[in-house]
Amino acid sequence: MSGDLCPDPRGTPRDAGVATVGRAVELFAVTQPTTQTPSGDAVDLPTRYQPADVEGRLYERWVSEGRFTADPARNPGRPAYSIVIPPPNVTGSLHMGHALDHSIQDTLVRRRRMQGHEVAWIPGMDHAGIATQNVVERELAKEGLSRHDLGREAFVDRVWKWKAESGGRILGQMRRLGDSVDWSREAFTMDDDRARAVRTIFKRLFDDGLIYRAERIINWCPRCLTALSDIEVEHADRDGELVSIRYGDGDDSIVVATTRAETMLGDTAVAVHPDDERYKHLVGRDIELPLTGRRIPVVADEHVDPAFGTGAVKVTPAHDPNDFEIGRRHDLPSLSVMDERGVITEPGPFQGLDRFEARPAVVAALREDGRIVREIRPYEHSVGHCQRCRTVVEPRVSLQWFVKVAPLAKAAGDAVRDGRVAIHPPEMAARYFEWVDNMHDWCVSRQLWWGHRIPVWYGPDGETACPGPDEEPPAGWTQDTDVLDTWFSSALWPFSTLGWPADTPELQRFYPTSALVTGYDILFFWVARMMMFGLYAMDGAVPFRTIVLHGMVRDQHGKKMSKSFGNVVDPLDWIERYGADATRFTLLRGANPGGDVPVAEEWAQGSRNFCNKLFNVARFALINGANVSGPVPAELTTVDRWVLSRLNTVIAEVDAHLDDYEFAKACETLYHFAWDEVCDWYVELAKVQLADDRAPATRRVLGEVLDKVLRLLHPVIPFVTEELWTTLTGADTLVTAAWPAADPERRDAAAEAEIESLQRLVTEVRRFRADQGLKPGQRVAAELDWAGSPLAAHEEGVRTLLRLTVPGDGFAATASLPVEGATVRLDTAGAIDVGAERRRLEKDLATARKEADQTRRKLGNEAFVAKAPEAVVAKNKDRLAQAEADIARLEHQLAALPAG
RNA sequence: GGGGCUGUGGCGCAGUUGGUAGCGCGGCGAGCUUACACCUCGUAGGUCGUCGGUUCGAGUCCGGCCAGCCCCACCA
């Protein structure tokens, strides 16, 4: 082994080169032992990339060297790029959805870092009100305690303790994934700075009259014992019964239908449509409500659909949102018949029954009089469930805090409408508008203990005060006991993480953030709310310039991942078995804009294989002394010019794809270039050049190609690329190395055409050899007749690729393949299967003739020639010419076949 | 009830301003060749859900239908 095994990239003296070799050996030596020894020179290096050996080490180094730390004061002239991470719940752990979301963000920020931007990617977590409280309550339950046994203060302490001990497991998992976040700026939605932001904006909203307290009917979870906002309620179809009940008696009777018979105990009216002739005589009269003895009025209300059911509806203002509104319009009393746990409180036979026990009980009681229940039929209807615990939500009248969203939502919609915020993919904007344009006031109070306590105090006579964060509440007043919806504090995330309300350098430099990356599933929950609060708090400045929406990760059949299906894939499992890079690559390769991302074990293996492929080209490059520094020589072979031309095309394509958030396309482009073109063609052709005096230039080109490919791949697969690139170049890190710029001067159409032609020739001969059963390794004597063809310059390469020897004495051509303006005559020792070859050629000939006919007919179509663009016509002419050439070639080959 | 999406080789997906279909995985066959069997080479396999329309020409535009999915929703 000589010193030029791996020349020093900077051309400094030999010992530096030796050091690089030492590194290389170390890199390859930590992997498992070689399974086989290449023939010839004993280069005893292992052949597989072992991610586990490098990932942890590299990540720790990146962090300790501060590679991800943002500095708002650094390079003021340079553009800033910032992203705030969608804060995962403290209770959460990394799942594939996070892995996808984070891989996208990491790709974006790593590329910007390489482009010289000042990058801030802010990590953090969400306190996740209900979810976290439930976790800790469950823990307490194991000790036989409830939160009430501890009392509020002790319980909240307990939650903090839990958070310190087992919360935030996901942060460690983010390191495994390789997230290049700025850990020095980690935030938590409940920490002091964020609490200050909450207090500040609450007060502003309060003072502006955009937050108010009112008695309303809200969604109530009888298990969590708290109010829920509309979007925390999930609707699902359930089988139920539609029971028709006669109210009143004789001429004064009316039949109503309900799926919730038990609520009739709280009915305070029956409503009909004002124009409904059937019931006009009853409007304004009282009728008797069965079971209760109460008499309730019949009212006329536009809301009632006369065509539905009997056209009459029972009105229970306390337990149904519609009825609540009807009740308000007609000034009806609101009679609550259940407590906060959904247990009937109305005195009588049903008192103490759960709402679901009361339902059949009420129906049974009604049936005792055979004339009251007119019909019972199965009925499927939509029922709201608590998003957190799946309990059926109970509409309930209570005193809650609301944010008046109309003005805020208007601004949030306008920011997208007028283009200040772009949504990718743009189709998703429709969903966004539909939501912001139809949003109800947002119920922000929760009857929980874990969360930001509502900063409102009440005086002895019911006065209210909302002191700012630096103000004291009046002495002796008591604070509201409710806390704010979790989404209230996360809506402030893009600016609260940057120090708002203080006017920090971070805020100056990094707000508005550059992109917000998240799944389309929380467009409503979170994104729209950040828009509302961002615009409001930051005086009209948008919270982010671009919203990048991705889909959900699914299994290989497009099924949602869920425990019950048993198809959940744990990203950490993949990271351990295939590496973080392979995990990331699999996800990004499937990340078409807005589309769901199916993943499967095989895809991950494919990605792992790709990383290994890169490892091996790098190994090849090291063994052959690839050179990554200095100018690329002016004198280059067609092969070299071709690969550089392709490289620069690829750089431009990848750049464009990443600009468009087309991660799948960027990955595909690089995958194919690196594997199909660089490994399968360039390296094979380069082997020939490396054996002669073209070696120095070839080493430089090989180094150049690898250098650029690794840079381009680094944002997507940071670990392998860092490891290989630093080994190849001897430089410190790829993290801040320059992002490649495409050089249009390198584009070389002639070289590309020539190599494509060469590829076709080689493929054709390989095909022939395979069809004829000639072993790929078997050397075959061949005569190449290609006078005048530019391919003649590649004779050595062709002979190597095809394992063709120069014919000696006694050469007898038994196969003649005219292709690409050349003729290859092979000595197949008389072993060729003439019949098979003839069948094959005839089939191809038929195909070519058919194509020629079709194209000829098309070109004969006057309308086509007149109307189609010139380029299209020209393309068809080329096609015809090609087909005709194929026909001639195939006929020639057929004629040249030996008889029999 | 409203809104949106999807339907392309066995499976999962690409297909830019309309010009006769690509990729990965899988299948089949061959093979240790100057890095890689987590490899190489060769190969089979779709007329683009369906009907109709516009056009010289449609997977690519328009309409109907069929199938599947998602989101939003205060019709009992």
Could you summarise the pairing of RNA chain B as dot-bracket text, marking Watson-Crick and G-U pairs under 3.5 Å with ( ) or [ ] inside the strand and | across strands?
(((((((..((((........)))).(((((.......))))).....(((((.......))))))))))))....
Who pairs with A871(A) by side-chain contact (heavy atoms from CB on, under 4.5 Å), at least two apart in sequence or on another chain?
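Per chain and number, A871(A) pairs via side-chain contact (heavy atoms from CB on, under 4.5 Å) with no residue.
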Under 4.0 Å, counting only non-hydrogen atoms across every strand here, what does [X] touch: a base, just sugar-phosphate, or nothing?
{"X": "C679(A)", "answer": "base"}
{"X": "Y379(A)", "answer": "sugar-phosphate"}
{"X": "R608(A)", "answer": "base"}

Residues forming a side chain to side chain donor-acceptor pair (under 3.5 Å) with R839(A), sequence neighbours excluded:
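Side chain to side chain donor-acceptor pair (under 3.5 Å) list for R839(A), sorted by chain: empty.
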Once side chain to side chain donor-acceptor pair (under 3.5 Å) is applied, do any residues pair with Q689(A), and if so which ones, sequence neighbours excluded?
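Here the qualifying residues are T637(A), T698(A).
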For nucleotides 12-22 of chain B, read 5' to 3', which letter fits each nucleotide if B means a protein heavy atom sits under 4.0 Å from the base, S means only the sugar-phosphate is that close, and - means neither?
SSSS---BB--
Is there side-chain contact between K314(A) and T263(A), with at least one heavy-atom pair below 4.5 Å?
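Result yes, sub-4.5 Å side-chain heavy-atom pair found.
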Choosing from A73(B), G42(B), A37(B), which nucleotide comes nearest the side chain of D230(A)?
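Shortest atom-to-atom distance from the side chain points to A73(B).
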Side-chain donor-acceptor contacts of residues 858-869 of chain A below 3.5 Å, not counting sequence neighbours, with atom names and distances?
from	atom 1	to	atom 2	distance (Å)
N861(A)	OD1	A863(A)	N	2.8
N861(A)	OD1	F864(A)	N	3.2

Applying ring pair (Phe, Tyr, Trp, His ring centres under 6.0 Å), name anything that partners Y661(A), two or more places apart in sequence or on another chain.
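Partners of Y661(A) under the ring pair (Phe, Tyr, Trp, His ring centres under 6.0 Å) test: H424(A).
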Go through the structure and list residues passing ring pair (Phe, Tyr, Trp, His ring centres under 6.0 Å) with F585(A), not counting sequence neighbours.
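Testing F585(A) for ring pair (Phe, Tyr, Trp, His ring centres under 6.0 Å), a comparison that skips the adjacent residues, returns F610(A).
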Not counting sequence neighbours, which residues clear salt bridge (charged side-chain N to carboxylate O under 4.0 Å, His left out) with E434(A)? List them please.
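Here no residue qualifies.
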